[in-house]
Amino acid sequence: MTPLDQAKQRINTLRNEIDQHNYRYYVLDDPQITDQHYDQLMRELQALEAEYPQWVSADSPTQRVGAIVEGPFATVEHEVPMLSLDNAFGEDEMEAFNKRLADRVDVDDTLEFCAEPKLDGLAVSLLYRDGRLVRAATRGDGRKGEDITANARTLKSVPLKLVGASPPSLVEVRGEVYMTLSGFDALNAQQRSNQKKVFANPRNAAAGSLRMQDPSITASRPLVFCAYAIARLEGMDLPVTQYQQMQRVKQLGLPISAHIETVDGVDGCAAYYQKMLQQRAQLPYEIDGLVFKLNPVDQQRQAGFVSRAPRWAIAWKFPAQEVQTRLLDVEFQVGRTGALTPVARLDPVLVGGVTVSNATLHNMDEIERKDIRIGDTVIVRRAGDVIPEIVSAVLSQRQKGAKQAVMPDTCPVCGSEVSRAEGQAAYRCNGGLVCAAQRKEAIRHFASRKAMDIEGLGEKLIEQMVDLGMVASIADLYHLELEQVSGLERMAEKSATNLLRALDKSRQTTLSRLIYALGIREVGEATAEALARYFADLEPLMKATVEQLVEVDDVGPVVADSIRHFFDQDENREVIDRLLAAGVEWPPIEKPAGDSERLAGKTYVISGTLENYTRDEASARLKALGARVSSSVSKKTSAVIAGDKPGSKIDKAQNLGVAVLDEAAFEQLIGVHDDET
DNA sequence: TTGCCTCGAGATCA
DNA sequence: CTCGAGGCAA
């Protein structure tokens, strides 16, 4: 053997050994060598690869840290959507979950679940082709996420190469990237000694670390991957239970939870819950609950999905951490529509790793119901992990001075009268656009991304412009001059030019964006879209009667009234005139043609849950073909599309002699082929 | 609702 | 260096 061959062989040996040690450490949790020894192997490999650069390959353990990728992360589409999980808080809700499944699944026995802790990190998808890691992505909105391959490659618990001689041609593994508690502490100690900012909690540290532009920073962060599902598998048989699937994942060389096990029925789930609750404090990472998945895959199939989550899985959450603090004050925030929302100002407290100082109290009824007073000691928690909520007041600690929060009778911002409409919970400032708060909110909404998308026009800028009287309404935005804008705080010539350019760009818009941007009460993105489609232009919408408006899908009498009322106001019509005069325009909406007319004149009703479509999706498919989708069955209904668990609509359809289509017939109707599901 | 990163650009200081 | 805006995640 030549020295060259020897070197090549040694390189291969080293790579295999290092991969093997990673596998032993991260997957089997059974390291066989010391860190020093591992580093030594690494250094030897690096030296050899430096000497023979022609043999460096992308999946060598030395090649985890790649180059900096400039600019934003690329978007990737999830072929199989990354769904969320339904939550349960307590055994009752687990019972309900179990019962729902038992009704749906064709089994008489106790249901078997695959159980594991729910790690508190962020969801990531790893895609391997022919055993090589080719893509890593964040969850995003579930359909589209961000490509974070370069960063994911730096995690040693993420194999660049799968184990085994004949890996599947394609496998997509989903899991959680998290930070261990000790890793988090060490990182923060290091941050502190480098005079850098410390992270608030392991989850945010993990999320931030994965979004770094420079992979070498990600590499220095103590991130770990743990798989929890196979999303796709090709070129290999998929095991028939969740548990076995996870064992397969482990065989392929990816780490899975050390606590995964199968349990029987709600009793089994409850026992597992108790056990993990005991262990929780000793675990080296944070968990916020447990996940239970129906174990047999064929039963999962029978259970199916609801719109955003599988019906066959649930997250049994641990009780949210509750903390006491003082309610310092209740302030009233004026929203875009003038609604006055009470907001609690709290003495800042740490709740689950995040400082909470504000919490919405929703409305006065809620304050009364909970009998919360200013000065009270209150119990705060983060509901659904995110939104802070005041659970209750600690009555035993109520001081003499505790004051009732009182809805002001005049608007705190503009002094206009405040009133409560019949039968509504909300109090409103009647100042309309006289009210600076409403003006600011209206402009903010107008400029927002889903509306006119005016880049650079943020809260602080709007604040300044309204306070200085530069803009009173959205129409004034288009008359701003460079000199005015460049006089504002933090706005020099460059920023001002950019803002004017962004404003100019926003003149070219779409009808639905404009309708949404106007901020008509009750008209959100979807309604704006429906109105634009139906009326195809602004004129007819402005003139439409309430009777015409309710003809539009999803527009009822309340929304119709609100729209009519909006266009009846002189000031609103004037604002629209000025917007149009300023050059706001949109491409004409073409009447659908060809295939998009195929179902014109037909009306469908959807009942129950479809396997492969949410109701919105199904109704969008039908509408795209020119059909109408209605919510109640009448003689005029062309057919009822019945999914799982259809309601009384089916009976009604049968009484009226209206056709009923199952999901397969529905797919045929909309022209879906087998390869499109 | 909060925390994190990134970008562009203004502010500040040498 | 610091700030505002924007985007993302739970």
Side-chain angles (χ1 to χ4, degrees), chain A residues 68-76 82 84-85 87 118-124 137-142 144-148 151 176-179 184 187-188 191 195-215 217-218 221 223 286-289 315 317 320-321 333 341 343-346 348-362 380-390 444 447-450 453-465 485-499 501-502:
Chain A
I68 295 175
V69 189
E70 292 283 334
F73 295 110
T75 307
V76 296
M82 290 181 84
S84 47
L85 286 182
N87 290 330
K118 187 173 193 299
L119 295 165
D120 199 8
L122 66 159
V124 165
T138 61
R139 196 179 97 95
D141 63 3
K144 285 174 177 169
E146 287 181 312
D147 188 324
I148 49 153
N151 286 337
E176 198 85 354
V177 168
Y178 64 99
M179 204 174 269
F184 171 73
L187 173 62
N188 266 353
Q191 292 286 104
Q195 330 264 350
K196 295 221 212 110
K197 230 172 37 148
V198 297
F199 293 95
N201 56 61
R203 205 204 68 75
N204 280 345
S209 300
L210 261 195
R211 307 198 79 257
M212 301 298 306
Q213 212 140 15
D214 181 354
I217 303 181
T218 309
R221 301 282 168 82
L223 299 174
E286 284 191 347
I287 64 176
D288 56 355
K317 294 297 202 75
Q321 190 199 348
Q333 235 168 37
T341 312
V343 179
R345 303 292 175 209
L346 302 163
V349 265
L350 268 181
V351 189
V354 180
T355 319
V356 170
S357 38
N358 304 307
T360 173
L361 290 161
H362 302 111
V380 176
R381 72 169 170 217
R382 293 204 300 147
D385 295 333
V386 184
I387 314 291
E389 156 185 85
I390 294 185
R444 215 157 72 110
S448 68
R449 202 155 63 99
K450 288 173 172 179
D453 194 15
I454 304 170
E455 227 181 292
L457 184 54
E459 200 176 314
K460 298 276 170 177
L461 213 47
I462 294 170
E463 180 99 24
Q464 288 185 64
M465 294 199 297
V485 181
S486 55
L488 297 171
E489 248 173 76
R490 294 202 72 82
M491 288 295 279
E493 204 176 329
K494 184 80 183 166
S495 306
T497 314
N498 287 345
L499 178 63
R501 193 173 308 142

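Naming convention: chains lettered A, B, ... in sequence-line order (proteins, then strands); numbering from 1 in each chain.
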Looking at the side chain of A:F199, which of C:dA5, B:dC4, B:dG8 is the nearest nucleotide?
B:dC4

side-chain N/O A:T138 vs C:dA9 OP1/OP2, d < 4.0 Å:
yes

Between atom OH of A:Y178 and atom CD1 of A:I287, what is the distance when rounded to the nearest 0.5 Å?
11.0 Å

Nucleotide of C:dA9, B:dT6, B:dT1 approaching A:M212 most closely (side-chain heavy atoms):
B:dT6

A:L119 atom CG is separated from C:dA9 atom P, nearest whole Å, by 18 Å

Reckon A:A123 touches a base, only the sugar-phosphate, or nothing at all at heavy-atom distances under 4.0 Å?
sugar-phosphate

Separation of A:E70 atom CD from B:dC5 atom C1', in whole Å?
14 Å

Of the nucleotides C:dA10, C:dT2, B:dG3, which has the atom closest to the A:R490 side chain?
C:dT2

So A:V386, base contact, sugar-phosphate only, or nothing? Heavy-atom distance under 4.0 Å.
base

Is the number of heavy atoms from other residues, nucleotides or ligands under 6.0 Å of A:E459 CD greater than 12?
no

Classify A:T355 by what it touches in the nucleic acid, base, sugar-phosphate, or nothing, heavy-atom distance under 4.0 Å.
sugar-phosphate

Which nucleotide in C:dA5, B:dA11, C:dA9 has an atom nearest any side-chain atom of A:R203
C:dA9

Quick one: label A:A200 by what it contacts on the DNA or RNA (base, sugar-phosphate, nothing), any heavy atom closer than 4.0 Å.
sugar-phosphate

For A:L461 and B:dG10, give me the distance from atom CG to atom C1', rounded to whole Å.
13 Å

Rounded to whole Å, the CG-C1' distance (A:L499 to B:dG10) equals 15 Å

Which one, B:dT2, B:dC4, C:dC3, comes nearest to the side chain of A:S357?
B:dT2

Whole angstrom is fine here: how far is it from NZ in A:K494 over to C1' in C:dA5?
17 Å

Salt-bridged, A:E489 to A:K460, with N to O below 4.0 Å?
no

Out of C:dC8, B:dC4, B:dT6, whichever nucleotide has its closest atom nearest the side chain of A:Q213:
B:dT6

Whether A:N358 contacts B:dT2 is assessed here as follows: a side-chain N or O lying under 4.0 Å from the phosphate OP1 or OP2. Is that the case?
yes

Could you tell me if the side chain of A:F199 sits less than 4.5 Å from the side chain of A:N204, heavy atoms only?
no

Within less than 4.0 Å of OP1 or OP2 of B:dA9, is there a side-chain N or O belonging to A:N498?
yes

Which part of the nucleic acid, if any, lies within reach of A:G353 when heavy atoms closer than 4.0 Å are counted: base, sugar-phosphate only, or nothing?
nothing

Rounded distance (Å) that lies between atom P of B:dC4 and atom CG of A:N201:
7 Å

Side chain of A:L122, heavy atoms from C-beta onward: which of B:dT1, C:dG4, C:dA9 has the nearest atom to it?
C:dA9

For a 4.5 angstrom cut-off between non-hydrogen side-chain atoms, does A:V485 reach A:L461?
no

Roughly how many Å is it from NZ in A:K196 to P in B:dC4, rounded to a whole number?
14 Å

Atom CG of A:L488 and atom P of C:dC3 are separated, to the nearest Å, by 18 Å

Among C:dA5, B:dG3, B:dC5, which nucleotide sits nearest the side chain of A:R221?
B:dC5

Scan A:E489 against the nucleic acid and name what it touches under 4.0 Å (heavy atoms): base, sugar-phosphate only, or nothing.
nothing

Taking the minimum atom-to-atom distance to the side chain of A:R139, which one of B:dG3, C:dC8, C:dA10 wins?
C:dA10

Have a look at A:D120 and say if it touches a base, only the backbone sugar-phosphate, or nothing, with a 4.0 Å heavy-atom cut-off.
nothing

So, does A:R382 get its side chain near the phosphate of C:dA10, meaning an N or O under 4.0 Å from OP1 or OP2?
no

Starting at the 5' end of DNA chain B, which residue's closest nucleotide do you reach first, A:G71 or A:A205?
A:A205

Min side-chain heavy-atom separation A:R490-A:L488 under 4.5 Å:
no

Where the side chain of A:E459 is concerned, which of C:dA10, B:dC7, C:dA5 is the nearest nucleotide?
C:dA5

Any A:E146 side-chain heavy atom under 4.5 Å of A:T75 side chain:
no

By nearest-heavy-atom nucleotide on DNA chain B, the more 5' of A:M491 and A:R211 is A:R211

